[in-house]
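Just so we're on the same page: letters track the sequence lines, and every chain starts at 1.
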Number of protein chains: 2
Amino acid sequence: MNLKQLSELLGLSQTTVSRALNGYPEVNEATRERVLQAVKETGYRPNKAAQRLATGKAGSIGLVMPTAPGHQSDVHFGEFLAGLGEEAVRHDFHFVIMPADPDDEVAALRRLAISGNVDALFVAYMRGHDPRLPMLKSLSMPYVVHGRSFGAELDYPYLDIDNEGAFYDATRLLLQLGHTRFALMNGQVHLDFAIRRKNGVISALAERGLVLEEDCISHTLMTDEQGLLAMERFLQLPQRPTAILCSSTVMALGAIRAVNQAGLRLGEDISLIAHDDVLPLLKPESFSVPLTTTRSALRAAGVRIAQRLIGTVKQAGPFPDQELWKTELIVRASTGPAPQQP
Amino acid sequence: MNLKQLSELLGLSQTTVSRALNGYPEVNEATRERVLQAVKETGYRPNKAAQRLATGKAGSIGLVMPTAPGHQSDVHFGEFLAGLGEEAVRHDFHFVIMPADPDDEVAALRRLAISGNVDALFVAYMRGHDPRLPMLKSLSMPYVVHGRSFGAELDYPYLDIDNEGAFYDATRLLLQLGHTRFALMNGQVHLDFAIRRKNGVISALAERGLVLEEDCISHTLMTDEQGLLAMERFLQLPQRPTAILCSSTVMALGAIRAVNQAGLRLGEDISLIAHDDVLPLLKPESFSVPLTTTRSALRAAGVRIAQRLIGTVKQAGPFPDQELWKTELIVRASTGPAPQQP
DNA sequence: TACATAATTGAAAGCGCTTTGGGTGCCATT
DNA sequence: AATGGCACCCAAAGCGCTTTCAATTATGTA
């Protein structure tokens with residue numbers, strides 16, 4: 001069933017039926033009713049491809065999903081997507097996900113943009129001096145970046161959390177508790193948030209004249225396993241750190257196991273603060289020793305970004321171009337006063 | 001830049017350029033080279049919407065993502081998607097993800113199909129007597145189901161793992177180790193895999209004349225937190241179970257914490273076998289007590305389903321319509337002989 | 001040399017929708 | 001009676017591609 005058939009069925013022109021369906025005012029209410037009724041009966045749905053070709057609008061936002069045989073999927077990706085989806089479903093938008101080799105992301109993004117399949121783009125996992133940024137700017141298509149790109153000028157639309165502030169505050173708390181030996185379990189070294197978090201730690205330490213030694217920093221994928229390994233390494237250092245900053249609750253999971261296996265007590269021998277993206281599968285408050293965290297819901301960010309993206313496409317009012325969300329520092333039992341020097 | 005402009009630029013007709021681009025044989029190799037060269041220089045990309053309108057093919061597979069403000073995202077979803085993507089990227093396919101309220105899935109699926117946006121559909125999280133099945137059958141569009149629908153006739157294309165066999169084998173192992181008091185931590189009660197896994201346990205027990213008591217079964221979301229709660233409940237039963245079957249390594253995480261908190265030793269006081277979807281963030285072999293698991297890589301299933309779907313759309317050879325994958329039972333340290341009766 | 005055949009290329013007709021630029025009545029105003 | 005304004009509706013022109021059918025040129029055969 002297409003428009004033509006439907007209009008013949010009704011004895012109307014395609015024009016009128018189209019207008020009736022799209023809520024144009026110049027059509028008689030009675031006719032509109034008739035059309036709507038016929039749609040219900042026939043189950044007619046406009047062909048999206050045709051609609052898109054005619055209007056140029058697709059009703060969809062595009063994103064590229066890095067993927068390759070060895071490439072690890074990411075819990076955070078799913079949770080963020082859920083947030084995007086939650087908002088998208090309210091506006092009858094959908095996503096076009098283009099899987100791409102991580103090395104090919106810039107090209108994939110361009111293909112996606114030029115394909116005419118999407119109205120707007122979304123990118124995440126920003127890196128320092130991210131090469132996608134100049135490309136996006138040249139594109140004349142709305143986009144929003146999740147995160148920022150360290151080192152690049154801040155003239156693009158983004159939503160980010162205050163990673164530096166979060167880890168600065170967390171470090172300060174540990175300093176106030178008397179800790180002097182710190183370690184940082186961070187995400188991969190090129191990622192923007194990892195850079196900023198590290199800077200937060202460093203500048204808080206600097207205020208007390210302390211430095212973060214290179215062997216007290218790990219940059220890894222944020223998995224349980226890497227958390228375990230990184231913590232084991234830290235615990236074997238001659239000057240064992242007593243205060244750990246950790247970029248993810250998933251990674252903290254492994255880290256805590258390492259602490260337990262070493263016969264140490266979390267919150268007493270070792271204090272740990274992790275960043276919590278509020279993943280539904282992992283609640284820091286119900287860890288056996290509840291976790292002190294810096295918190296910001298990834299999902300909420302997804303909702304907000306979808307709002308801005310869809311709003312821009314629909315030209316529904318102006319949106320702030322740049323948002324920086326504060327995180328909450330929530331103190332639980334995994335942090336405590338520094339142990340007496342052994 | 002569109003086809004018309006490109007063809008004018010080259011002094012050729014749209015027809016020829018189109019044919020050159022799409023690999024038709026009746027175009028001179030020299031001209032084809034010229035066209036390809038021009039494409040490189042101008043960065044021309046065909047408009048997908050137009051292509052789709054003309055051919056009816058979209059180069060995309062559709063799936064609906066259940067989502068709502070309260071709805072939990074799922075690690076497994078991301079991992080599976082990674083598998084789909086890994087294959088899709090090889091064929092220049094993409095996904096159209098339609099977010100939908102979980103109550104509205106059937107309708108969302110139909111909308112997606114009729115929209116003309118996709119060539120094939122994929123559905124997962126199957127339930128017993130799943131209402132999406134009759135709908136899909138009526139649709140005359142290729143689809144593959146991940147999982148099966150308990151109670152419905154097996155006349156649809158699916159890929160599933162042998163959930164019943166997996167849990168049957170796991171239960172038998174525990175029986176052989178002398179266990180007699182069992183508990184099952186399962187997924188939500190309406191889900192197909194949960195039904196089959198339960199049946200596997202029940203039938204293995206039945207062979208020894210044992211039954212699975214109602215208070216030894218939990219049906220919950222498969223999160224860390226729910227795992228903790230469920231295990232706590234089991235441990236307080238008057239006849240405490242010594243053998244636990246668990247539907248997910250994520251859930252096992254919480255369960256193990258509950259065991260530790262109760263001062264019990266995993267693999268001695270309590271034996272536990274979990275199903276392992278091979279999530280990169282959680283490796284059962286590196287748990288503090290390595291986990292005995294039934295294993296089947298979710299990601300591999302994603303790859304395979306994408307193969308079948310894309311293959312069908314491209315009419316590339318016949319694919320088996322129904323596949324049932326065996327799982328591996330991998331014995332590690334979380335299982336041991338039943339403790340002496342207290 | 002004449003004619004069939006193959007190799008290339010083009011013109012034009014769609015694909016299903018939106019939207020521009022008219023109509024056609026009908027009523028109130030002069 | 002003539003005019004203008006409204007309310008409704010329609011024909012047809014695109015949107016950018018593919019594909020059918022026809023035309024043109026090159027190649028081979030008798």
Send over the distance from [X] [atom1] to [N] [atom2], rounded to a whole Å.
X       : N      : atom1 : atom2 : answer
A:Glu29 : D:dC8  : CD    : P     : 9 Å
B:Leu53 : D:dG14 : CG    : C1'   : 12 Å
A:Leu12 : D:dA7  : CG    : P     : 19 Å
A:Lys57 : C:dT19 : NZ    : P     : 11 Å
B:Leu10 : C:dT8  : CG    : C1'   : 16 Å
B:Asn28 : C:dA6  : CG    : C1'   : 13 Å
B:Arg32 : C:dT9  : CZ    : C1'   : 13 Å
A:Arg34 : D:dC8  : CZ    : C1'   : 13 Å

Task: For A:Glu323, all residues meeting salt bridge (charged side-chain N to carboxylate O under 4.0 Å, His left out), sequence neighbours excluded - done: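 Partners of A:Glu323 by the salt bridge (charged side-chain N to carboxylate O under 4.0 Å, His left out) criterion, ordered by chain and then number, come out as A:Arg304, A:Arg308.
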Task: Positive for side-chain contact (heavy atoms from CB on, under 4.5 Å) with A:Tyr143, one of A:Leu121, A:Leu109, A:Leu63 - done: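 Single pass found, and it is A:Leu121.
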Open item on the list: Please confirm whether the ring centroid of A:Phe80 lies under 6.0 Å from the ring centroid of A:His146.
Closed with: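 Centroid separation for A:Phe80 and A:His146: below 6.0 Å.
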- [ ] Would you confirm whether the ring centroid of B:Phe150 sits within less than 6.0 angstrom of the ring centroid of B:His129?
- [x]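 No, ring centres 6.0 Å or more apart.
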- [ ] Mind listing the closest non-hydrogen atom pair of A:Tyr125 and A:Asp130 along with its distance?
- [x]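 A:Tyr125 and A:Asp130 have their closest heavy atoms at O-OD2, 4.2 Å.
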TODO: Indicate whether any N or O donor in one side chain lies under 3.5 Å from an N or O acceptor in the other, for B:Gln37 and B:Glu41.
DONE: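 The answer is yes; a qualifying pair exists.
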Task: Nucleotide-resolved protein contact map, nucleotides 17-27 of chain D, B/S/- at heavy-atom distance under 4.0 Å - done: BBBB-------
